[in-house]
Structures are given as structure tokens and as C-alpha cells.
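Taking it in order: structure first as C-alpha cells, then the write-up.
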Amino acid sequence: MSRPAKATVDLAAIRHNYQLAQQLAPNAQALGVVKANAYGHGSVAVAKTLEPLAPVLAVACIEEAIELRQAGIVKPVLLLEGVFEADEIVTASEQNFWIMASGIEQVELIANAAIAEPVTVWLKADSGMHRLGLTDGQVQQAYARLSALAHVNNDIVIATHFAAADELDSDFTLQQINRFASMTEGLKTPVSLANSAGILAWPQAHGNYTRPGIMLYGSSPFAQAQANADQLKPVMTLASEVIAVRTIEAGETVGYGRSWIAQRRSTIATVAIGYGDGYPRQMPNGTPVFINGQRAPLAGRVSMDMITVDVTEIGTVNVGDNVELWGHNIPLNEVASCVGTISYELVTRMPLRTPRLYINATTNGAAAV
Ligand SMILES: Cc1ncc(COP(=O)(O)O)c(C=O)c1O
């Protein structure tokens with residue numbers, strides 16, 4: 001029997017979540033954002049799932065785009081962080097990778113490129129995130145410069161990124177929308193503003209292309225309940241099995257550093273999952289896991305390959321019982337908030353060591369990759 005720690009990825013849920021993104025913004029085209037190994041879910045498997053649905057896929061950098069091409073993906077791939085060297089523009093034009101130009105340096109690299117095939121360019125405008133993007137005065141200037149060039153395709157898309165679209169009470173997203181409108185005033189060209197939070201909660205920002213990421217993976221970007229986000233289906237289930245069960249007396253301690261002390265006679269189940277499998281070491285005592293239809297609290301420090309759980313209150317637990325760390329029963333966002341982070345980080349940091357088991361690739365059936 002192999003080690004039971006695994007991440008099951010429900011590809012039907014990804015399709016459902018993508019379709020939700022499309023339905024919520026019916027006049028826009030939704031890209032499939034598969035950067036960072038598709039937020040830890042496996043970029044090739046996810047890209048193959050999205051390719052029949054999405055007109056364009058999006059990654060951070062050219063290495064991620066090349067991985068998709070090598071796996072047989074043929075749809076255009078947008079490089080969200082653009083290019084870093086002139087050579088990459090040649091590859092982009094040959095491979096139909098679309099380039100985001102986020103600064104004047106990148107605009108000039110593209111303008112001066114010697115390429116046979118024209119390249120598709122998006123311009124990123126800084127409407128308030130102040131991380132990347134052309135400033136107010138630069139957007140129109142860069143647009144004029146690139147649209148005059150024969151080696152840049154028509155229909156340059158102008159994009160921006162939101163800093164606080166997940167904060168539903170803040171008016172900062174509206175300020176960004178307004179600033180973006182004035183930056184692009186008079187330009188008859190497609191625009192792209194919305195990430196997942198923008199798609200779910202800011203219909204004024206749907207534009208011509210949306211860029212859903214985390215919502216494809218079934219996780220809401222919001223801290224509170226939100227009607228559209230409630231329709232998302234969880235995609236990843238991180239699970240393993242109980243590999244030992246023991247009873248300890250009151251006053252005894254569990255695990256490295258003895259950080260959990262039994263307040264009474266306690267039953268401790270040891271589970272084959274640890275920080276080497278993507279379950280963070282900082283996870284505090286009391287974090288829920290799901291065993292035999294019930295929640296039970298983490299007891300003791302997370303080891304590299306194991307955790308320990310106080311199962312005193314949940315009846316008989318046996319070696320071999322399934323344990324869910326996150327998924328349908330323990331929402332990813334709940335686990336993330338226990339450890340002071342966001343769902344994005346938990347899934348993106350899932351190591352390769354943890355096998356991904358893909359289910360519902362077509363109508364039914366499972367495949368391990
Ligand atoms: C430029 C850009 N667009 C879209 C996304 C997707 O964002 P989200 O996962 O919040 O939907 C990201 C993610 O960081 C991004 O950097």
C-alpha cells in the first residue's frame with residue numbers, strides 16, 4: 001500500500017467554476033488563470049480541462065507558458081508578468097504567447113523587437129495598486145506607440161489589477177474603475193479589469209476580458225459570505241489516513257516541543273500528513289480535521305510527515321480511517337484563516353511530493369498524474 005496522503009482535484013468542479021465566471025460576466029471572455037502550477041492543482045491537467053472552454057489561458061511567465069505548449073496546449077497564453085528579455089518576445093511571437101507590458105521598459109523592448117510574426121500585447125495600467133503598470137500619462141503614449149507598429153497585432157487590450165476588490169465595504173475598487181476609465185478615455189480598445197473578486201462582486205468592472213484565478217479552484221476571495229461566491233464548488237480535497245491510535249494519560253504531552261498537554265485521558269490519532277505534504281507547520285492546536293463524519297482538533301505540532309489529532313470525543317477511530325484536512329467538509333478558507341493566511345497560499349504551496357489524483361476528467365473516471 002502506498003502512502004495515503006493525496007490531493008484529489010475535481011476537474012468537473014473546475015469546469016463548473018469557470019462556467020460560473022462566464023455566466024456572471026456574459027459579455028466578457030474569461031481567461032483561465034493557471035499560473036503557479038494552476039494554484040498548486042497541476043497546470044497541465046487544469047489547462048487541458050479549461051482549454052475547450054476558455055479562449056485564452058494566463059500564466060505568470062514564459063517558462064510556465066512553454067510547459068503548457070510542451071504538453072500540447074494550443075490556445076493563446078497570456079504572460080501576466082510580461083517578458084524580462086528581448087529573446088522572450090521572439091518566442092512569444094512564434095508560440096502565440098500574449099505579452100502584458102507593465103512598464104515603459106517592456107513597451108520599448110516590444111517596440112524594438114525583430115520578429116517575423118506579429119505579437120499580441122496587453123498594456124497594464126496602474127490604477128491604484130502601485131505594484132506594476134503604466135502611469136496615467138504613459139498609457140495613451142504607449143498605446144499610440146505600439147498600435148503604430150506592424151509587428152504588434154491590432155486590438156491591444158488595456159488591463160488593470162485591483163488592490164482591494166475582496167473588500168466589499170471599501171470604495172477603492174470604484175476609485176480604481178474611475179481612474180482606469182480616465183486613463184483609457186477615447187481609446188476604442190478592449191479592456192480587462194476583473195480578477196475573481198471583480199467578477200463575483202463588481203459587475204461594473206467586467207470589461208471585455210476577465211481573469212478568474214482563485215474562483216476556478218473553488219475558493220471565495222471574500223472573508224464573508226457572498227451570494228455569487230456561494231455557488232463555487234470546492235476543487236481540491238487534501239486527505240490522508242490514520243496510521244496509529246493511542247491513549248495517553250492526563251498531563252502527558254504530544255509531539256515536538258510538547259506544545260499540547262492532555263487535560264484528561266485522551267485518544268490521539270496519528271495521521272500521515274505533514275508540512276512536507278503542504279499542511280503548514282504553523283497550523284495551531286485546535287485546527288479542525290474531518291474523521292468519520294466528524295470534526296476533531298489538531299493536537300500538537302505538525303511534523304514533516306505526520307500530524308496528531310485529539311479524537312477523544314468522536315468515538316472509535318481506527319488505523320486506515322480517512323482524514324480530510326480541507327475539502328468539502330473543512331473549507332479551505334477556514335483552514336487558511338486558522339493559520340493566518342489565505343487559500344491562495346495553502347494550495348500554491350502544495351509540494352510535488354503530494355500526489356494529485358484527478359477525478360471527473362470527462363464525465364467520470366479518475367487518473368493519477
Ligand atoms: C494580473 C492578474 N490577473 C488575475 C489574477 C487572478 O486573481 P484571482 O486569483 O484573485 O482571481 C492575478 C492573480 O494574482 C493576477 O496577478
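Worth knowing before you read on, the calculation uses all heavy atoms, side chains too, and leaves out hydrogens, waters and symmetry mates. This one's a predicted model, so the numbers in the text were calculated from it and none came from an experiment. When a ligand or atom number is given, it counts from 1 through the structure's own listing order.
- Of all protein heavy atoms, the one closest to atom 16 (O) of ligand 1 is K35 NZ, 3.5 Å.
- Protein heavy atom at the shortest distance from atom 3 (N) of ligand 1 is R211 NE, 2.9 Å.
- For the atom pair Q231 CD and S220 OG, the distance stands at 11.5 Å (nearest 0.5 Å).
- For I214, a nitrogen or oxygen atom sits less than 3.5 Å from a nitrogen or oxygen atom of ligand 1, counting backbone and side chain alike.
- Among protein heavy atoms, the minimum distance from atom 7 (O) of ligand 1 is reached at N195 CB, 3.5 Å.
- E64 has no carboxylate O lying under 4.0 Å from a charged side-chain N of R69, or vice versa, which leaves the two without a salt bridge.
- At a 4.0 Å cut-off, not a single heavy atom of M100 sits close enough to ligand 1 to count as contact.
- For the residue pair S219/N333, the side-chain donor-acceptor check at 3.5 Å is satisfied.
- The pair R131-D126 does not count as a salt bridge, with every side-chain nitrogen at least 4.0 angstrom from each carboxylate oxygen.
- Here R265 pairs with E249 in a salt bridge; the nearest charged N to carboxylate O distance falls below 4.0 Å.
- Where the criterion is an N or O separation shorter than 3.5 Å, residue side chain and backbone included, V33 fails it with respect to ligand 1.
- The closest protein non-hydrogen atom to atom 9 (O) of ligand 1 is Y39 OH, 2.6 Å.
- Put simply, the side chain of H161 reaches to within 4.5 Å of the side chain of N195, judged on heavy atoms.
- For atom 15 (C) of ligand 1, the nearest non-hydrogen atom of the protein is H161 CE1, 3.4 Å.
- Within the 6.0 Å centre-distance limit, the rings of Y209 and W122 are counted as a close aromatic pair.
- Regarding atom 11 (O) of ligand 1, its nearest protein heavy-atom neighbour is S196 OG, 2.5 Å.
- If you check which protein heavy atom lies closest to atom 10 (O) of ligand 1, you get Y344 OH, 2.6 Å.
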